[in-house]
Every structure is written in structure tokens, then in C-alpha cells.
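Take a look at the structure set out below.
Index from 1, following the sequence.
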Amino acid sequence: RDLVNSGNINSQSGNVAFVVARDLSHSGTVSTGGNVIVDVGRDLTSGSGSIVAGDYLIVSTGSDSLRGSQTLGFLAAKQVLLKASGDIVDGNADAVNVQAAALSMTAEGIGTHADPLDTTVSTIAARSENGIYLRQLQGDPSLTIGHVATGTARVDVRQVNFNSSTLAIERTLEVEGLDDLETQTGRTSSDAAIEVEVIRGNLIVTDGQDADGRGVLVSHSGAIVLQT
């Protein structure tokens with residue numbers, strides 16, 4: 001039911017899928033010019049691991065009935081989309097967690113005040129219940145809070161059976177588009193904060209494409225800290 005990967009998985013341009021019933025422990029490397037799907041029933045732990053994809057890297061953990069969290073090592077693709085029924089947290093100290101042109105995240109909590117997620121991305125959108133804590137490291141000249149489009153990745157393989165027959169297997173994972181940085185409820189009335197620090201470069205806040213007239217929203221009395 002669990003999958004443990006400590007090796008290297010490489011493909012020049014093929015798509016790669018991890019489909020795991022329970023937990024995925026990933027301390028190895030995945031590198032491909034294609035797309036990567038990570039669909040995990042419960043938790044992803046990848047503090048020392050890395051996944052590098054071409055266009056899309058989509059990670060989904062947990063479900064409506066089962067809490068699933070993501071502990072991130074290094075993720076990179078043109079568009080990275082992370083969806084967790086639990087938290088998304090930093091697993092590699094001060095090193096980069098996500099490098100992408102566009103990043104969207106949906107989770108209970110994203111980073112912490114003491115240990116924010118470290119990014120080098122151009123555009124970001126995120127939604128959580130219990131706070132969003134981000135640190136944009138030097139590398140990209142600016143970070144834009146705005147719209148990240150829907151992402152879909154598909155992996156097609158052909159299973160060869162012992163009787164020499166074959167069976168086509170398809171796996172598709174989609175994450176809907178997202179706008180703005182928003183927290184919804186918070187574990188308490190004051191902890192659904194949003195903190196974004198840009199180490200070097202500009203921070204640009206836009207309304208995205210949802211036309212709701214805002215780019216950053218916290219519920220209750222959570223703080224908003226935008227720092228450059």
C-alpha cells in the first residue's frame with residue numbers, strides 16, 4: 001500500500017505517474033521532459049527528494065474523507081499544482097521547495113510562520129484554511145499574486161500480461177485554476193494569516209481573473225504581512 005523511492009527515475013520526454021494507495025516516501029530523484037502525476041491516498045514525504053518535470057507537475061494527497069499532507073523537497077516544472085486535504089510544509093530547511101513559472105496550492109495550511117515554503121516562481125495563487133506562509137528567494141526578479149490556470153496531466157501506459165495480452169491504462173489528474181491568496185477559517189479566529197516575503201525583487205498583487213476586486217484575503221482577524 002505504501003511506496004518508497006530512494007532511487008533515480010529518468011525519462012527524456014515520457015510522462016511519469018506515482019499512484020499510491022497510502023503513503024509515498026520519496027528521497028530519490030525524478031527527472032523528465034514530460035509531465036509528472038503524484039496521486040497519493042494519504043501523505044507525501046519528500047524532504048530530501050526532487051521531482052523535475054517539463055510542463056506540468058501535479059501533486060494530490062488525501063481525499064475528502066482522509067487527511068493527506070505534503071512535506072516538500074524540491075519540485076520544478078513550468079506549472080506546479082499542489083492539492084492537499086492536510087498541510088503543505090517545508091521539508092528541506094532553507095533550500096528551494098518549488099521552482100516554476102506558475103504555482104497553485106490548496107491545503108489546510110501552507111508553510112508556517114517559523115518555516116515558510118521557499119519558492120522561486122513568477123506567478124502564485126493559493127487557498128488555505130489555516131494560513132499561508134511563503135518566502136520568495138532570489139532568482140526571479142518579481143513575484144506576482146494572481147491567476148494560475150487549470151492544469152491537466154495524463155499518463156498512458158500499456159500493461160503486458162503473462163499471457164502476452166495487453167491492457168491500456170490511463171491516469172489523468174486535473175487541478176482547477178485558482179486566483180489570489182486567500183485563507184478561509186483558521187484553527188482559531190486569529191491564525192489564518194498570510195505572510196509573503198520577497199528576498200530580492202518586486203511583489204506584485206493583482207486581482208487575477210476572478211474579478212472579485214481583491215488579490216489577498218484573510219478571514220477573521222488574521223494578519224497580512226507583505227514584505228520586500
Side-chain angles (χ1 to χ4, degrees), residues 2-63 68-85 88 91-92 96-107 110 117-127 139-140 144 146-160 166-179 209:
D2 297 337
L3 193 156
V4 178
N5 177 53
S6 59
N8 299 327
I9 299 173
N10 300 309
S11 174
Q12 183 174 354
S13 59
N15 297 328
V16 176
F18 289 97
V19 182
V20 184
R22 193 166 58 181
D23 296 331
L24 170 59
S25 176
H26 172 64
S27 59
T29 64
V30 175
S31 178
T32 180
N35 301 319
V36 174
I37 290 173
V38 181
D39 192 359
V40 179
R42 194 166 62 181
D43 296 329
L44 165 67
T45 303
S46 179
S48 60
S50 67
I51 303 176
V52 179
D55 290 328
Y56 290 106
L57 169 51
I58 303 179
V59 182
S60 176
T61 56
S63 64
S69 296
Q70 301 176 20
T71 302
L72 301 184
F74 176 68
L75 306 177
K78 291 181 181 177
Q79 190 162 333
V80 176
L81 303 104
L82 308 178
K83 183 178 181 180
S85 60
I88 300 175
N92 63 2
V96 175
N97 294 119
V98 182
Q99 177 179 307
L103 167 64
S104 76
M105 295 181 287
T106 304
I110 298 174
L117 289 187
D118 298 305
T119 64
T120 55
V121 304
S122 297
T123 302
I124 192 167
R127 182 173 299 147
D140 197 274
T144 297
H147 173 75
V148 176
T150 297
T152 304
R154 173 175 165 175
V155 176
D156 295 308
V157 297
R158 186 162 290 277
Q159 176 180 300
V160 180
T166 61
L167 175 66
I169 299 175
E170 171 194 318
R171 191 71 182 187
T172 300
L173 195 58
E174 179 176 281
V175 174
E176 295 182 352
L178 198 62
D179 293 89
Q209 295 182 11

Nearest heavy-atom neighbours spanning [X] and [Y]:
X    : Y    : answer
T123 : H147 : CG2-O, 3.5 Å
R22  : D2   : NE-OD1, 2.8 Å
G151 : Y56  : CA-CE2, 3.6 Å
L173 : S60  : CD2-CB, 4.1 Å
G177 : T150 : N-OG1, 2.8 Å
A125 : V148 : N-CG2, 3.8 Å

Within a strict 4.5 Å, meaning less than it, do heavy atoms of the [X] and [Y] side chains meet?
X   : Y   : value
T45 : D23 : no
V40 : F18 : no
T32 : N15 : no

From [atom1] ([X]) to [atom2] ([Y]), nearest 0.5 Å:
X    : Y    : atom1 : atom2 : answer
L24  : L3   : CG    : CG    : 5.5 Å
H26  : S48  : NE2   : OG    : 8.0 Å
N35  : S13  : CG    : OG    : 10.5 Å
T119 : Q99  : OG1   : CD    : 10.5 Å
I51  : L44  : CD1   : CG    : 6.5 Å
L81  : L178 : CG    : CG    : 9.0 Å

Worksheet entry | Verdict with supporting geometry, V98 and L117, side chain to side chain contact (heavy atoms under 4.5 Å, CB included) | CA-CA 8 Å; V98 182; L117 289 187; 5.8 Å; no
Discussion item. Checking side-chain contact (heavy atoms from CB on, under 4.5 Å) between I37 and each of T172, T152, V16, V155, which is the one that passes?
Written reply: V155
Would you find a donor on one side and an acceptor on the other, under 3.5 Å apart, between the side chain of [X] and the backbone of [Y]?
X    : Y   : result
Q79  : I58 : no
S25  : V4  : no
D118 : N97 : no

Fill in: L82 and L103: CA distance, side-chain angles, deciding distance, side chain to side chain contact (heavy atoms under 4.5 Å, CB included) verdict
CA-CA 8 Å; L82 308 178; L103 167 64; 4.3 Å; yes
